[in-house]
S.K.: 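Next up is a structure, given as structure tokens.
Letters A, B, ... mirror the listed sequences (proteins, then strands); counts begin at 1. Keep in mind it's a predicted model, so treat the numbers as computed, not measured. Any value given below was found using the heavy atoms of this structure, including those in side chains, with hydrogens, waters and symmetry copies removed.
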Amino acid sequence: MLPGDFQPSRPTNKQLIKWGILSLVSLFFVAVVVGVLMFVISAWLGKPLSVFGYDEGPDQPIAFPHTRHVQELGLDCTFCHRNVETGAAATIPPVGLCMTCHAVAGDGLAEVEKLREVAAAGEAIDWVRVHRVPDFVRFNHSAHIIFFSEQDNILSSEVCAVCHGDVGSMVKVEQARYLKMADCVNCHRDNNAPTDCVTCHY
Amino acid sequence: MQEHVQLNSKEVNDILLKDVLGMPKWWLPAVLFFLVVFLAGGAAFGYMLNKGVGVTGLNRPVMWGFFMVNFVFWIGISHAGIMISAILRLTQAEWRRPLTRAAEVLTVFSLTSALMAAPLVHVGRPWRAALWVFPYDFERGVWPNVRSAFVWDPSAVMTYLTASTLFVIIALLPDLAIIRDRTTGTAHKVYSLLCLGWRGTPRQWKLQAVAGILLSALVLPVFVSVHSIVSWDFAVQVGVEGWHSTIFAPYFIIGAIHSGVSAVATVMVLMVWLYKWQKILTPDHLDAIGRLLIIVATIWFFAFFLEWVFALYTLEDPELALRELQVFKHPWMALFIVFLITAYFFPVPMWMFKKVRRNMFWMFVTTISVNIGMWLERFLIIVLGLARRQAFTFDWGTYHPSMIEILMVIATFAWVMFGMLVFAKVFPLIPLFDIKEGMVGGPHKIKIGRKEIPASIHE
Amino acid sequence: MAELKQTQQRQWGMVIDLDKCTGCQACVVACQSENNIPINEEAHYNQRRAIQWIRVERYWEGEFPDIKARFMPVLCQHCDNAPCEPVCPVYATYHNTEGLNVQVYNRCVGTRFCANNCPYHARFFNFWEPAWPNSLKNQLNPDVTVRSRGIMEKCTFCVQRIARVKRKAKNEGETVNDGDRALSPACVNACPTETLFFGDFKDPNSTVAKMKDKETHGGRGYHLLEEIGTDTNVVYLKKVDKHAEAKEEVHA
Amino acid sequence: MAGGGAGAAVLFQACGVPEHELFVESSNEIPEDLVSGLDNWYATICRQCSSTEGIVVRVMEGRAKKIEGNVDFPINEGAHSVRCDAGVQALYHPDRIAAPLVRVGERGSGRWEEISWTDAMERVALQLRNLSNANRAVMVTPPMRSYSGLVADRFMARFGGQYLRYEPLETTNVRRAVKQVFGQDRMPDFDLGNSSFVLSFGADFLNTWMSPVRYGRGYGRFRQGDRERGTMIHVDSRFSMTGANADEIVFIKPGQEGILALSIASVIIDEGLGNASAVSALTNGGRIDMSRFAPDRVASAVGVDAARIRDIAHQFAEHGTALAIGGGSAAAHTNGYFNMVAIYSLNYLVGSVGREGGVNFNPASPLKDIPTGASFSQWRQLVTRMRSREVGVLMVKGADPMYALPGSIGFREASFDVPFIFSFSNSLDDTTAMADLVLPEHNYLEDWDIVDPDPGPGYQSVGFQQPVVRPFFESRGQHLGTKGFADALMGIAGELELDLGLPSTFRELLQDGARTLFNLNRGSVRASDFRAFWNGALQRGGWWDTGARGGNRPTPPALPANVGQAPSFDGNGTFNLIPFASTSLMEGQTADLPWLQATPDPVSTATWRTWVEINIKVADDMDIREGDVVRITSGFGGPDVEPGEGVLALAYPHPGVPPDVVCVPLGQGRRGSGRYAKGRGGNIMSILSPGADRETGALAWASTRVRIEKTGDWVRLPKAENTNPDLATDEGQHIVKITPKDS
């Protein structure tokens, strides 16, 4: 190995242009990869980025306007989600409950007619799930409702908004909160609730 | 050295770069063969990923089997690199020179093998192993459990892998520049990039030498810790009496050096046979390794003996049951005898003879034998530790590896062979600069007692 | 551990009277039914991978015709110094403030380190994906996570029942009652001979605390493999056999 | 979330990881909205086995989730057996029949077509109507002490056919002996909990015999109750689970239990340890010579030391309250009836009849119309009738005689001569598979009934069975799906215009029964109006009156003069074959349930297969290792089992079985019964000798001698115990600690 073996040469202009284009292309490629990764990671950590409508709620088989029922008619959350104070699940109301009003109310509305068809056929509605925690999480609505309503001295139906956002003002229900474990744990810490794993996982 | 053939720089270059710049006829078929075997192991892993750990022979209570044995084995082999490069470098043993790179490369590939075996392959849900290996999980406030030896395992192994890779790279720089100068086209560009602008200036030489020595010193604690931590995987288990022993860390480390140095000797013989490097790798080197091995093997055997003393001294039922299982129960008895013979009683007396130490064939046989024995040693510790007859004789179990496991174990061997061969094709497996450096200093000898041994030079 | 033990509010535990156990296996199936344990197929037994959170072990003693069979229900001992806990790299198993040794399925990566280290062999690994025919899934308990393959599982003292009772008590402002059958694990409720007792060792008035107090001081009580120092929360009461030789008790 | 899931899914799809693992980590496919609702517990009655146990069922969103014991119910007091829990699996069994089936192929070929209920009922009615003689109709059910049984009984009575009750391991001898010794029609209650000494002969009463949960309850108190720990001696010719729990197990030569009992009696009489009046009554004033049963004279015949017999007699007589129980294999010999008479007579000698800690009697049920029919053993006559084409219609409900009748009786072959067989069944068991028409019945969790527990708790009690879930196959519409047995039978009666003398629907019939109880105005449920009573009884799972205890203490009858006969054996081998009911599968009734198949036998811990317990030393001599497939032949067999072919079973070298005995569990070897039972193991009943009790004609199912030979094959015996050849022993008592004294 002799010193001076290596003679660096100045690049020509042609080479410089070639390298410039190459680096631009790779920069673009990197940008695309980073963008995709960001989307995936943000989706992993919380809600998808609000691009291309990824943050919107899903279309339901029957477009049920919470605005109409909650804001305009003043129905309480617990009027339909009856189990929320006593059970683990808030429960979606059965078609029969809808029909207690819609047997007469809402004539002529296309969505109500759909509902009546379903009710007449004796079927159930396949609502699309908006909020979902994985199977290994034991979320219990009643415990949360009772805790917050007692702590803040508010009505049960006012507690719902803590996690679900102001559903009453949503035409299409969307996920308001991340509902990832960090979200749960932080809230539990803030409220001195147990953070023992076995509180939710068993 | 006595039989050292004096070569000049050009001859060294020609000999060592012959197969980097050219390609021996057997190379491609051999590499393809090992690749196929490795891919077969990969396919076995894919099958296991699809079906679950059930495809192995693991059961209750033998929850660790071939994968864990293989993990410990490869970690053991990896200790060759540091032993040869760092310790011998720091102790200025001259004969290490042609062996350092092969040992370090062997370290790198055996560590990747080990990593494949333990965190990746053997867990129930490999896709979640990141939770264990990387503490990414900031948001939930649930961190990896630092009390677990398993958390320290990957970090120790990764540190060791990083250090070994750096070792290889730093030692490679001057050689890469030589190859750069002898290649054209794309190869030239690639080597130019890889050699990081090495020009062989005195400053660069100085930095390279300092980096080498520094790394040697810094890596020594890692060297000790890696296998200590691996031994803690076993030693901290109160539930498995045979493993719960304070001798385990030194016992594992010395065992690792035993198997690692043997593996280097095996690789050395293979290099001579395959690449015809007998002018550089002389019987002198083998002789030196052989002497080192006698010492290492005997210390290892002492540790092994101590472990037995510790176990038997207490006369506790579970320990006695394990030893009974190892020594008197078929088929473990046969394995135990094979292990003892191959790991110590066959090779060490052989190495006592100078003729054997200087004979390529016999050194190959004896060092291979050591590694067969050391593999069995890990098997006998891990599997029998779990399969022992314990208080709950109702749950006493046994273990038979499945084809999937055997295939994956073979694949790790193929992976190391494949890696070494590919490396040897792309980079010189013997450091050219080191050989030349040794030549500059000339064959120094110093007298210790009545013996003359090769001395080191100052770097 | 000692401090934790003093500050914790409850200490769930079990007392098992070996003199009553007949080995009838009712607890085994009750547990299987409550906790969504996969069906142990024939191959699972042959591979020694059957999952029984509580199992009845049978030990032989003597030779025909003076032969005896001893039955022993074994389940997770919920040790206060649990060997399984410190070895888990991902904190999938830990001790909670009620003395339970908890397994968090979603955290488990399946290193099986804990299972090796459990002196009681109380931990079971899902080597295979559990398979139920679709119609049998109707029976699965919705309160218990269905474990997939690659996950370690073990007895939880039916923590879902404890959680349910505690939640109910909290919502309704009551206290958790020791004798509440809704609180007891499925095995305890099933046992025909009342071999198993479950309760809170911290509550001096509970049945188990009284039994433990009485029996571990000169009575029949003992802890399984006590010499390991795991400090278990399951107290066994010795089998009585008037034909047995009085064994010298060695206390360290 | 979607992005991440999708990304990871794509990534892992290549590796073949099922996507659902990344997303939900569960194979639970039930929609969460359905499962997270509120749970309710409903009380009902377990019908998985013959003992009547009160259960509560956890129901969530219309699905039964978990079965637990009903704490109130007097028989089981909250506990339950291993079989009870698996009821939910019977309900949701994947191979449950979902609609009436009619045979389309050859009989027994297994090709079926679904038809509507209307069609099915019409076909049944047509077949019955077309019978030339009503007597040509035969119905077979298990003994049903319930209103379903009443409907069946009434139907056959009014129609004019023959009604047979079938149980695989007959208890006829025990019941006849109880009738003879105590003058009772019902099984008495054994008050184990208050007893201080139990001497049992052959009955595996903690495991499978009669009412194991009730006995288990008593056993718990017997061992560690508030009184002194009781002593239990078990006399058996095999190592049963009950024997394993006894303080001493006495191995006896098969069939000699009665002689041993008489020998014990002779010691008691000789030494004047017993109740003098009972002695005099039993020996008919000394006219029966008991001295021929003196220990020294019978010791070699029964295989028990004379000194030991005396010791047992002393212990039996000198404990405060002693109880003698017999049954199981002791009753299944050609002298089984005499064995039972001798054994139960012992209770008189120590004065434990009708007192606390002894034998207590069950009063008659308050519901007089519930039939008390016990099993009936006229199978040979029935087969003859079938062969000669005297049987036109065979109706089967919940019984499987083609599986469990000895092959030598030839029931299955004879069934080809019956023009029409129909079966009420949930699954295609062996008998149903041979039927022409299958009427799927409701699972017991979907059906109504009122049950009279037998054996009862010693006082009047009635169990109320109610549907806790809607029928699982309801979604198939009213023409398909399942129907309750009683409803269906009443429907058929309606088609036939047969007047059963019962209300028009089964539920009304039950309510009539309940009204009887309501009118008694006593017991556990009392109410001001009937509606409240009905709801109360359903809520509590039954009605009982602890005050209504058994009647007068019976006076001891004299032993029959020919008591003490030796048993006789039949077969070509040297081993006495003792079949036994499996802990989980019983006699095969629950073999279709995977949980029960997977439940280890308490002693051998074996599962899923048929094994044969051979003494470990004998096995060693014969070079038989565990898992060796052995052929068991007796020289008997049926048309399906060639006598030389025998039954194949896996060897289990057993350290506790006497050298001249082999034991085989029942339950496996089924031709049908769904995916978990079909073609699994061997059916030992098929090679039993057709031997019968000399007195009662009951099947002597323990009187066969068999030959054992290795086939050379080896199959691993699936068991919970270790797979190593070493026995699980606990030499240092590290695990199971033993103390000689009670504290």
S.K.: Rounded to the nearest 0.5 Å, what's the gap from CE on M63(B) to OG1 on T111(C)? Could you check?
M.R.: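 It comes to 10.5 Å.
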S.K.: Under the 3.5 angstrom rule, does the side chain of R49(C) hit a backbone N or O of L58(B) as a donor-acceptor pair?
M.R.: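 Flag set: sc R49(C) to bb L58(B) pair under 3.5 Å.
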S.K.: Can you say whether Y120(C) sits under 4.5 Å from chain B via the side chain, the backbone, both, or neither, judging by heavy atoms?
M.R.: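 Both backbone and side chain.
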S.K.: Looking only at non-hydrogen atoms, find the nearest pair between Y59(C) and A391(B) and report the distance.
M.R.: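 The pair with the smallest heavy-atom distance is OH-O, 4.2 Å.
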S.K.: Is any side-chain heavy atom of F392(B) closer than 4.5 Å to a side-chain heavy atom of L225(C)?
M.R.: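 Result yes, sub-4.5 Å side-chain heavy-atom pair found.
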S.K.: How about CD on E227(C), more than 12 heavy atoms from neighbouring residues, nucleotides or ligands closer than 6.0 Å, or not?
M.R.: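 Yes, the 6.0 Å shell around CD holds more than 12 heavy atoms from other groups.
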S.K.: For W396(B), does the CH2 atom have more than 12 heavy-atom neighbours from other residues, nucleotides or ligands under 6.0 Å away?
M.R.: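 Counting other residues, nucleotides and ligands, CH2 of W396(B) exceeds 12 neighbours.
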S.K.: Rounded at 0.5 Å granularity, tell me how far NE2 in H44(C) sits from CZ in R60(B).
M.R.: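 Answer for the NE2-CZ pair, H44(C) versus R60(B), is 13.5 Å.
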S.K.: Of the listed residues (V240(B), T398(B), D233(B)), which shares the most heavy-atom pairs with chain C below a 4.5 Å separation?
M.R.: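 So the answer, after comparing V240(B), T398(B), D233(B), is D233(B).
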S.K.: Against chain B, work out which of P86(C), G150(C), G110(C), P119(C) has the most heavy-atom pairs shorter than 4.5 Å and name it.
M.R.: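 Between P86(C), G150(C), G110(C), P119(C), the count favours P86(C).
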S.K.: With R112(C) as the cation and F67(B) as the aromatic partner, state whether NZ or CZ is under 6.0 Å from the six-membered ring centre and within 45° of the axis.
M.R.: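 Judged by the rule (NZ or CZ under 6.0 Å from the ring centre, within 45° of its axis), R112(C) is not positioned above F67(B).
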S.K.: Is N145(B) reaching over with its side chain to a backbone N or O of V87(C), donor-acceptor style, under 3.5 angstrom?
M.R.: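 Absent.
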S.K.: Rounded to the nearest 0.5 Å, how far does CE of M72(C) lie from CZ of F394(B)?
M.R.: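 One finds 11.5 Å between CZ of F394(B) and CE of M72(C).
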S.K.: Just by modelled atom types, is the G397(B) backbone N or O under 3.5 Å from a matching donor or acceptor in the R48(C) side chain?
M.R.: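 No; judged by distance alone, with no hydrogens or angles, the pair does not exist.
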S.K.: Is the shortest side-chain heavy-atom distance between R125(B) and I151(C) below 4.5 Å?
M.R.: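 Side-chain contact under 4.5 Å: yes.
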S.K.: Top residue by heavy-atom pair count (under 4.5 Å) with chain C, among V62(B), V123(B), D153(B)?
M.R.: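 Among V62(B), V123(B), D153(B), the one with the most close pairs to chain C is V123(B).
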S.K.: For a quick test of reading the model, state the closest non-hydrogen atom pair linking V238(B) to I228(C) and the distance between them.
M.R.: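 The answer is CG2-CG2, 4.3 Å.
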S.K.: Is chain C contacted by the side chain of W243(B), its backbone, both, or neither, given a heavy-atom distance below 4.5 Å?
M.R.: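 Side chain of W243(B) only, per the 4.5 Å heavy-atom cut-off to chain C.
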S.K.: Out of G239(B), P154(B), A149(B), P126(B), return the one with the most heavy atom pairs under 4.5 angstrom to chain C.
M.R.: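 Heavy-atom pair counts peak at G239(B).
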S.K.: Counting only heavy atoms closer than 4.5 Å, note whether F125(C) contacts chain B via side chain, backbone, both or neither.
M.R.: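 When you check distances to chain B, atoms from both the backbone and side chain of F125(C) fall under 4.5 Å.
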S.K.: Hey, could you give me the CZ/CG distance between F127(C) and N59(B), rounded to the nearest 0.5 Å?
M.R.: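 The CZ atom of F127(C) sits 6.5 Å away from the CG atom of N59(B).
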S.K.: Identify which part of R55(C) has an atom lying under 4.5 Å from any heavy atom of chain B, answering side chain, backbone, both or neither.
M.R.: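 The answer is the side chain of R55(C).
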S.K.: On a heavy-atom basis, which atom in W128(C) and which in K51(B) lie closest, and how many Å separate them?
M.R.: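 That closest heavy-atom pairing would be CE3-O, 3.6 Å.
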S.K.: Which region of V56(C), side chain (C-beta onward) or backbone (N, CA, C, O), has a non-hydrogen atom less than 4.5 Å from a non-hydrogen atom of chain B, or is it both or neither?
M.R.: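 Backbone only.
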S.K.: Just how far is it from atom NE2 of H121(C) to atom CG of L386(B), taken to the nearest 0.5 Å?
M.R.: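 If I round to the nearest 0.5 Å, the distance is 8.5 Å.
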S.K.: How far does CD of E57(C) sit from OG1 of T393(B), to the nearest 0.5 angstrom?
M.R.: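 Separation between the atoms: 8.0 Å.
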